[in-house]
Novice: 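Structure provided below as structure tokens; questions to follow.
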There are 2 protein chains.
Amino acid sequence: MRSLDTLTFEDRGSPAQRERRRRILEAATALAAKGGFEQMQMRAVAEHADVALGTLYRYFPSKIHLLVSVLAQQFEVAGENLARKAVPGDTAADRVMFVLGRTTQTLQREPNLTEALTRAFMFADASVAQEIDVVAAHVRRMLLLAMREPGTPVDVPEPTEEEVAITKVIGDVWLASLVQWVTGRASAHDVATSLDVAVRLLLREPRPLA
Amino acid sequence: MRSLDTLTFEDRGSPAQRERRRRILEAATALAAKGGFEQMQMRAVAEHADVALGTLYRYFPSKIHLLVSVLAQQFEVAGENLARKAVPGDTAADRVMFVLGRTTQTLQREPNLTEALTRAFMFADASVAQEIDVVAAHVRRMLLLAMREPGTPVDVPEPTEEEVAITKVIGDVWLASLVQWVTGRASAHDVATSLDVAVRLLLREPRPLA
DNA sequence: CCCGAGACTGAAACGTGTTCTCATTATGCA
DNA sequence: TGCATAATGAGAACACGTTTCAGTCTCGGG
């Protein structure tokens with residue numbers, strides 16, 4: 001079965017097909033925002049998007065694939081917004097915290113949607129690797145952008161191993177915190193605190209060679 | 001050794017009930033070890049444990065509850081083994097890495113079981129908070145034990161905020177790495193590397209390394 | 001314009017987690 | 001002991017993700 005959903009593949013197909021895909025993602029987003037993971041049901045998505053259930057499954061081979069694709073779409077928008085103007089903050093830690101705080105706030109404004117997307121992301125297995133990579137790349141890029149001096153291109157010069165390692169750790173902490181938040185095991189404040197601690201510990205200055 | 005509250009809960013009921021509970025956990029563990037999350041099916045657990053399906057659900061209100069309870073049990077055993085002798089290593093980082101490496105290795109020796117337990121843990125919602133807390137407490141305790149000088153009791157003196165924050169971050173990274181491993185998005189080596197990086201960054205000695 | 005290959009639809013069907021029903025058995029108490 | 005209550009067993013039933021299938025529609029090549 002052909003997978004249709006990475007960015008490069010998104011533009012494939014006839015206009016009618018792109019339109020169907022758009023309607024499906026829109027319906028999935030709306031339903032997830034309304035009732036979270038459990039209430040975003042495949043039959044309901046198909047109905048709202050006005051496609052047959054079989055067609056929905058041709059476009060997205062599982063509920064998890066669909067939700068992770070929604071997540072990728074959300075991060076794409078967030079990444080674009082972020083790239084529009086320079087990240088404020090004097091130190092890397094400040095800038096990273098700004099980005100994390102802003103994105104986290106956006107996510108928390110739609111708690112049901114975030115719950116659905118986070119759980120899907122966590123439950124995804126190897127078959128969703130392609131979609132997962134899209135999301136991971138967005139996150140990595142956002143964090144690297146923030147760690148660099150404002151105005152510096154994100155990939156020139158190549159990020160150091162240390163920088164990549166730090167973005168990985170921060171991404172992990174962010175994800176784990178979000179999971180705790182969506183499952184009601186941590187408050188929004190707890191999430192902010194965890195991130196603050198992690199960023200302070202990881203990006204404290206001056207950074208001795210590690 | 002009854003160090004944690006679960007045991008008080010676990011010991012409730014008649015001998016026949018405790019025996020049923022034991023058989024259920026045993027069957028769940030065996031089935032998960034054999035076929036992972038998907039193949040640990042509730043009907044099969046009930047059959048292997050020789051209880052009716054309804055009874056299984058009276059003891060564990062969902063598959064997730066059951067698997068997280070198995071996880072708590074596993075960590076209890078691991079914690080006991082760990083407490084038996086002092087953690088080797090000259091620095092906190094060394095000792096934490098030792099504990100993480102050893103536990104991770106144990107988990108990776110039963111990949112299907114670990115997959116099942118990790119996914120259940122990640123998928124758990126607020127209704128599983130009690131079981132989740134047991135697991136989290138075990139992890140926190142293990143890491144604090146390793147960070148302290150060998151022989152120091154883990155709770156005397158009270159862990160500092162910084163110590164607790166660090167254990168939280170390390171726990172998050174550990175969990176995120178495990179998720180990536182069980183979903184085939186990272187190799188065992190990748191997990192070790194992630195943990196090593198995180199621990200080095202978080203627990204680097206105050207003075208630049210000698 | 002027509003044809004054939006896919007794509008789409010509508011509906012049924014399947015698998016597994018979960019719930020429900022009701023008869024039977026175990027338990028604790030007067 | 002005998003009874004009220006709760007726990008258990010056996011199995012049907014239900015919900016939702018997923019698959020399948022027969023028929024219909026669409027579209028690009030001849």
Side-chain angles (χ1 to χ4, degrees), chain A residues 1-5 9 12-24 27-28 31-32 34-70 115-117 119-120 122-125 127-128 131, chain B residues 11-24 27-28 31-32 34-70 115-117 119-125 127-128 131:
Chain A
M1 150 101 38
R2 189 167 54 136
S3 173
L4 296 174
D5 28 322
F9 287 97
R12 288 209 174 166
S14 66
Q17 284 172 329
R18 271 183 277 128
E19 170 60 15
R20 272 193 204 95
R21 185 178 202 279
R22 192 197 61 71
R23 286 205 312 268
I24 291 172
L31 285 167
K34 195 172 169 200
F37 185 87
E38 289 189 7
Q39 290 309 306
M40 194 226 74
Q41 303 185 352
M42 296 302 267
R43 285 176 178 84
V45 171
E47 195 176 339
H48 277 65
D50 203 34
V51 299
L53 193 54
T55 304
L56 170 53
Y57 274 92
R58 182 195 311 279
Y59 281 72
F60 298 94
S62 79
K63 176 170 176 171
I64 300 294
H65 282 80
L66 174 51
L67 281 172
V68 175
S69 296
V70 171
E115 185 250 11
L117 300 182
R119 294 181 86 177
M122 299 275 65
F123 207 65
D125 65 5
S127 74
V128 202
E131 290 85 350
Chain B
D11 285 340
R12 274 188 230 277
S14 68
Q17 284 172 328
R18 271 183 275 128
E19 170 61 13
R20 271 193 203 92
R21 188 189 151 88
R22 192 197 61 72
R23 287 204 312 269
I24 291 172
L31 286 167
K34 196 171 167 200
F37 185 87
E38 288 189 7
Q39 290 309 306
M40 196 226 72
Q41 303 185 352
M42 297 302 268
R43 285 174 180 84
V45 170
E47 195 177 340
H48 278 65
D50 204 33
V51 298
L53 192 54
T55 305
L56 169 53
Y57 273 92
R58 164 125 18 77
Y59 280 70
F60 298 95
S62 79
K63 177 170 176 172
I64 300 294
H65 282 80
L66 175 50
L67 281 172
V68 175
S69 297
V70 171
E115 184 250 10
L117 300 181
R119 295 181 87 175
F121 190 85
M122 298 276 63
F123 206 65
D125 65 5
S127 75
V128 202
E131 290 85 349

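The basis for the numbers below is simple: all heavy atoms, side chains too, and nothing from hydrogens, waters or symmetry mates. The model shown is predicted, which means the values in this text are computed figures rather than measured ones. Proteins come first, then strands; the chains are lettered A, B, ... in the order of their sequence lines, and each starts at number 1.
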Novice: Give the rounded distance in Å between these two atoms: NZ of Lys63(A) and P of dT16(C).
Specialist: 18 Å
Novice: Tell me: CZ of Arg20(B) to C1' of dT25(C), nearest whole Å?
Specialist: 10 Å
Novice: Nearest whole angstrom, please: distance from the P of dT9(C) to the CG of Asp50(A).
Specialist: 7 Å
Novice: Tell me: OH of Tyr59(A) to C1' of dC8(C), nearest whole Å?
Specialist: 9 Å
Novice: Below 30° counts as parallel, above 60° as perpendicular, anything between as tilted: where do the rings of Phe37(B) and Phe123(A) land?
Specialist: perpendicular
Novice: Is any side-chain heavy atom of Met42(B) less than 4.5 Å from a side-chain heavy atom of Leu66(B)?
Specialist: yes
Novice: Quick one: Tyr57(A) OH to dC14(C) P, roughly how many Å, whole number?
Specialist: 17 Å
Novice: What are the bounds, 5' to 3', of the part of DNA chain D that sits under 4.0 Å from heavy atoms of chain A?
Specialist: dC16(D) to dT19(D)
Novice: Go through the steps to decide whether Glu131(A) and His65(A) satisfy the test side chain to side chain contact (heavy atoms under 4.5 Å, CB included), and finish with yes or no.
Specialist: CA-CA 7 Å; Glu131(A) 290 85 350; His65(A) 282 80; 3.5 Å; yes
Novice: Please tell me which of Ala52(A) and Phe37(B) maps to the more 5' nucleotide of DNA chain C, matching each residue to the nucleotide holding its nearest heavy atom.
Specialist: Ala52(A)
Novice: Once you round it to whole Å, what is the distance between C1' of dT18(C) and CZ of Arg58(B)?
Specialist: 14 Å
Novice: Of the options dA13(C), dT18(C), dA7(C), whose atoms approach the side-chain atoms of Gln17(A) most closely?
Specialist: dA7(C)
Novice: Of the nucleotides dG10(C), dA13(C), dG17(C), which has the atom closest to the Gln41(B) side chain?
Specialist: dG17(C)
Novice: Of Ser62(A) and Ala16(B), whose closest DNA chain D nucleotide lies nearer the 5' terminus?
Specialist: Ala16(B)
Novice: Side chains of Gln41(A) and Gln39(A): does their closest heavy-atom pair fall under 4.5 Å?
Specialist: yes
Novice: Can you check whether Leu67(A) reaches Arg119(A) side chain to side chain, under 4.5 Å on heavy atoms?
Specialist: no
Novice: Expressed as a whole number of angstroms, how long is the span from Glu19(B):CD to dT27(C):P?
Specialist: 13 Å
Novice: Search all heavy atoms of Ala28(A) against all heavy atoms of Val45(A) and return the closest pair with its distance.
Specialist: CA-CG2, 4.0 Å
Novice: Quick test of your reading of the model: are Glu47(A) and Arg43(A) salt-bridged, counting only N-O distances below 4.0 Å?
Specialist: no
Novice: Over how many whole Å does the gap from Leu56(A) atom CG to dA7(C) atom P extend?
Specialist: 16 Å
